[in-house]
Each structure stands twice: as structure tokens, then as C-alpha cells.
Amino acid sequence: MSEYEIETVDMETVDVGAEVGADEGPAPVVAVVGRPNVGKSTLVNRILGRREAVVEDVPGVTRDRVAYDATWSGRRFTVVDTGGWLPDSSGLAAAIAEQARLAVDLADVVMFVVDATVGATDVDEAVVEILRRAGKPVVLVANKVDDAGTEADAALLWSLGIGEPHPVSALHGRGSGDLLDAVLEALPAEPPAETFAEAGGPRRVALLGRPNVGKSSLLNKLAGENRAVVDAVAGTTRDPVDELIELGGREWRFIDTAGIRRRHRENQGADFYATLRTQSALERAEVAVVLVDAGEPLAEQDLRIISMVVESGRALVIAYNKWDLLDEERRHYLEREIDRQLHNARWAPRVNISAKTGRHVEKLVPGIDAALEGWGTRVPTSKLNQFFADLVNSHPHPVRGGKQPKVLFATQAGVRPPRFVLFTSGFLEEGYRRFIERRLREEFGFEGTPLDVTMKIREKRGKGRK
């Protein structure tokens with residue numbers, strides 16, 4: 001396996017700051033490997049505390065890598081259950097062995113399970129050689145030690161030369177706590193915890209839009225008083241204005257922002273600083289409500305502001321203002337503009353309002369709620385990998401140059417926004433990546449949030465590499 005390397009590649013241009021959506025970071029991966037019928041799936045069930053992995057007293061029941069979320073002593077990690085590993089096998093057994101090799105390749109720690117009642121076999125010793133070449137931390141599990149009388153069998157496994165055997169009974173739970181302590185010790189250092197803004201306060205909403213689109217009018221209507229300066233001259237709001245507003249029976253912190261002007265005017269004094277303040281307000285927000293003048297064609301500034309929100313990784317709601325002034329013809333053309341120009345944000349909740357009259361402004365709340373819910377959605381690892389297994393089987397990546405890259409394993413690295421890491425056998429084309437995002441949204445929702453997806457590519461090293 002030394003001929004392979006793992007390379008990380010960004011799948012999107014989204015560059016989310018580390019201070020936002022840091023979450024817990026990607027969960028470390030623990031691969032459970034061993035020859036057939038040594039009790040790997042039983043051990044996985046014991047770790048999870050529930051019956052998830054398929055267990056049957058027949059060798060080779062687990063054929064694929066199956067991933068599950070697990071925690072021990074407050075530390076979360078991903079357990080990957082693999083099929084029985086026969087290094088020199090052929091046919092179906094060879095495919096199972098390859099799945100196990102992939103799991104080891106992608107893992108942070110390997111749990112190598114041996115049947116203590118049988119002792120170290122030739123197959124076990126062959127697996128040990130492969131694990132040594134992989135260079136990953138290995139925790140040796142001496143399974144089926146059901147009582148003190150069989151602990152001597154476990155001690156004999158020191159002969160494998162990969163460290164201390166940990167005697168356990170996966171079936172009865174004996175020794176499993178000490179084993180998991182050893183696994184935690186072998187895991188990489190824990191990343192810092194989520195640090196996103198203050199906890200427990202009102203949710204923070206940034207009002208964005210180009211000049212004179214109605215942001216201050218909307219803020220005043222929501223606040224019930226003339227809190228912000230309103231003038232028919234475009235660009236009269238220069239500073240962000242925060243307002244605590246009760247809406248839908250809850251308190252929200254709304255941030256009114258200076259209108260973003262065209263690019264060629266950004267370097268002209270106050271407008272340049274207004275744009276900087278807008279970016280600062282967006283950084284402080286969790287969700288952005290972008291106001292668009294429904295009576296005018298979508299402008300380049302509208303699209304650029306929406307792109308700013310997407311690139312910042314914030315949740316997004318698009319509010320079409322002055323909706324009450326539209327006739328049927330304009331509504332028809334607006335629908336066509338939205339379909340054609342907002343293809344990168346079709347997932348954003350849409351609310352049709354009138355900031356001046358207050359018509360339908362209460363509908364902002366369900367839109368914001370939906371966006372924040374999507375922004376914080378986490379998909380269980382087992383469900384995520386079942387989704388990708390079905391997706392790859394039904395819609396495989398096109399063959400290019402005689403190669404067909406596949407998604408081998410996936411994990412959700414964080415939320416706010418949802419971030420996914422795909423372990424792949426090759427580079428996924430942009431069209432296929434868009435297809436993956438579309439299907440993720442169809443399956444799991446993610447309304448109102450951008451998705452950040454990266455690849456870790458398992459590729460053969462070049463001939464000149466050592």
C-alpha cells in the first residue's frame with residue numbers, strides 16, 4: 001500500500017473562515033480488520049452499544065466497508081467495519097480484502113482483531129505485514145477471551161510483534177472499556193471544539209442588498225419605529241445598524257447594512273468602507289436575508305451579493321421586495337430570470353414581501369428557520385455511506401481515459417455550513433460533483449445552506465516519487 005498517497009482537493013471555491021462552522025472537525029476513522037469470522041461485527045456492535053452491524057456465524061457476511069458514528073469518553077470517531085481479510089484471496093474474497101485494504105488506507109487507527117482461542121494463524125501474520133507497511137497505529141484485539149482462564153491465550157499474541165494484545169469478549173463486553181481507552185490514546189490529537197459566536201443569544205440575521213432596495217424600510221417595519229434612516233437617495237445607510245426585534249414570538253438580532261454598490265465605485269471613499277462594513281456584518285451573522293427589487297431585472301450586484309453569502313458559508317434567504325407592485329407579465333419574466341440566473345442558489349428559501357406596507361413580512365420567519373435548520377443539519381455516517389453506495393451503483397462516474405473514479409467512503413466533517421469529505425479513487429469531474437450535491441439535497445434537504453464538499457483522492461504516486 002506504500003504505492004498510494006492521499007491528496008486533499010477542494011471540490012468547490014467556497015472558502016469558509018475557520019472561525020465559522022468550525023464544529024468538531026472531521027471525526028477520526030477507526031478501521032476494524034481481521035480474517036473472516038473473528039468477531040469484527042460483534043465488536044463493532046459492542047462499541048456502538050447497539051446492534052447495527054450484520055452478525056452471523058458464517059465467514060464473509062460483511063462484504064463492504066460499513067461506517068458508523070461512535071463515541072467513547074466524550075470523544076467521537078467513525079468506526080469502519082470491514083469484511084474478512086484474506087490477503088491472497090481471489091474472486092469475492094479478493095474484493096472483500098480490497099475493501100479492507102481501502103479502509104486501512106483511509107483510517108487514522110486500525111483495530112486488528114484476532115481470535116485468541118485459535119491463536120495467530122498464517123493469515124493473521126500476513127495481515128500484520130500489510131499493516132506494518134501501511135504505517136498506521138494498530139491496536140491488537142484478542143477477541144473471544146470470555147473468562148480469566150483464556151487470558152493466557154491472549155498473551156500468546158505478543159508473538160505477532162505489533163504490541164500489547166488487548167483481551168476482550170465482544171460477545172459479552174468483557175474488557176471493551178479498556179480496549180476503547182487504548183483506541184482513544186492512539187487517535188490523533190482532538191481538534192478544538194466549535195467556537196461559533198456566543199451561545200444562547202438571539203439568532204443573527206444580516207439584511208443585505210444593493211442600494212435603495214428597501215433594507216432600511218424593512219428594518220423599520222419589523223421594528224415598528226423609524227430606527228434606520230430612510231431616504232429615496234440611494235446609499236443613505238453607511239453603517240451597519242443592529243436591532244433586537246421580536247418576530248414570530250421570538251427575539252432576533254437584525255443587522256441592517258450599507259447597500260453594496262457596483263464594483264467600479266467601490267474605491268470611492270465612503271462606498272468602499274460601506275462595503276467593508278457589509279462584509280463585517282455578514283461575518284457576524286448566521287443567516288443573510290438578501291433583498292431583491294422584484295420590479296426590476298436581476299442585476300449583477302444582486303448576483304454578486306448572493307455569491308458573497310454563499311462564499312461566506314452563511315445560510316441564505318432571498319426576499320423579493322415590492323412584490324405587491326408587480327403585474328402578471330413582470331412575475332412571469334421574474335420567474336424566468338430566477339431560473340436562469342440563480343442556478344447556484346436555487347436551494348435558498350424565497351419570500352415575496354413588501355417592506356413598505358409590511359405585506360407577508362411575517363413569512364420571513366419560516367424561511368429563516370428553514371435556512372438555519374439546513375445550515376445545522378448533520379447526516380449520520382452510516383446513512384451517508386448507504387446513500388453514496390446506492391448513488392455509485394445506480395449512477396457511476398463516467399469512464400475517462402480507461403479509469404472510473406468512485407466514492408469509496410464519505411464523512412460529514414462539520415455543520416454551519418454542512419461540510420463533507422469524500423474519499424475517492426480518483427478525481428471527480430465538476431459535472432459529477434454538481435450531480436452529487438443535487439442528490440444530497442434531494443435526499444437530506446439542506447434547504448437554505450451552501451454545501452462545502454472536498455475530496456481526498458487515493459491515487460498512485462508517480463514513478464519518480466519514492
Using 0.5 Å steps for rounding, measure from the [atom1] atom of [X] to the [atom2] atom of [Y].
X    : Y    : atom1 : atom2 : answer
K406 : L391 : NZ    : CG    : 13.0 Å
R314 : R416 : CZ    : CZ    : 10.5 Å
L160 : F112 : CG    : CZ    : 6.0 Å
E437 : F420 : CD    : CZ    : 9.5 Å
I338 : I318 : CD1   : CD1   : 7.5 Å
R174 : R46  : CZ    : CZ    : 13.0 Å

Exercise. Would you find more than 12 non-hydrogen atoms of other residues, nucleotides or ligands less than 6.0 Å from E373 atom CD?
Worked result: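 Atom CD in E373 is not crowded, with 12 or fewer foreign heavy atoms closer than 6.0 Å.
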
For this session: Flag yes if more than 12 heavy atoms outside D122 fall under 6.0 Å of its CG atom; otherwise flag no.
Result: no

Exercise. So S169 and D146, side-chain hydrogen bond (donor to acceptor under 3.5 Å, both in side chains) or not? Walk me through it.
Worked result: CA-CA 5 Å; S169 171; D146 298 335; 2.7 Å; yes

Restricting to non-hydrogen atoms, name the atom on [X] and the atom on [Y] that form the minimum distance, rounded to 0.1 Å.
X    : Y    : result
V32  : V79  : CG2-CG1, 3.8 Å
F446 : R441 : O-NH1, 2.9 Å
A154 : V145 : CB-CG2, 4.0 Å
G448 : P349 : CA-CD, 3.4 Å
R35  : V123 : CB-CG1, 3.8 Å
L140 : G163 : CD2-O, 4.0 Å

Exercise. Counting only N and O atoms by type, is there a donor-acceptor contact under 3.5 Å from the side chain of Q412 to the main-chain atoms of T377?
Worked result: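 Judged by distance alone, yes, a pair lies under 3.5 Å.
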
Are any of the side-chain nitrogens in [X] or [Y] under 4.0 Å away from the carboxylate oxygens of its partner?
X    : Y    : result
R76  : D69  : no
E246 : R250 : no
E429 : K403 : no

Exercise. Just checking, is any N or O donor in the side chain of T121 or D124 under 3.5 Å from an acceptor N or O on the other one?
Worked result: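 Yes.
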
Check whether any side-chain heavy atom of [X] lies under 4.5 Å from a side-chain heavy atom of [Y], and answer yes or no.
X    : Y    : answer
F388 : I436 : yes
K40  : D81  : yes
R378 : P418 : no

Exercise. Please walk me through it: do R210 and D302 pass salt bridge (charged side-chain N to carboxylate O under 4.0 Å, His left out)?
Worked result: CA-CA 7 Å; R210 55 191 172 95; D302 297 321; 2.9 Å; yes

Problem set entry | Any residue meeting ring pair (Phe, Tyr, Trp, His ring centres under 6.0 Å) with F387, in chain and number order, not counting sequence neighbours | F444

Problem set entry | Member of L316, L282, I306, V289 meeting the side chain to side chain contact (heavy atoms under 4.5 Å, CB included) criterion with L208 |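 For L208, the side chain to side chain contact (heavy atoms under 4.5 Å, CB included) check succeeds only for L282.
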
For this session: List the steps, then state whether salt bridge (charged side-chain N to carboxylate O under 4.0 Å, His left out) holds for R439 with E443.
Result: CA-CA 6 Å; R439 291 300 298 270; E443 182 71 19; 5.8 Å; no

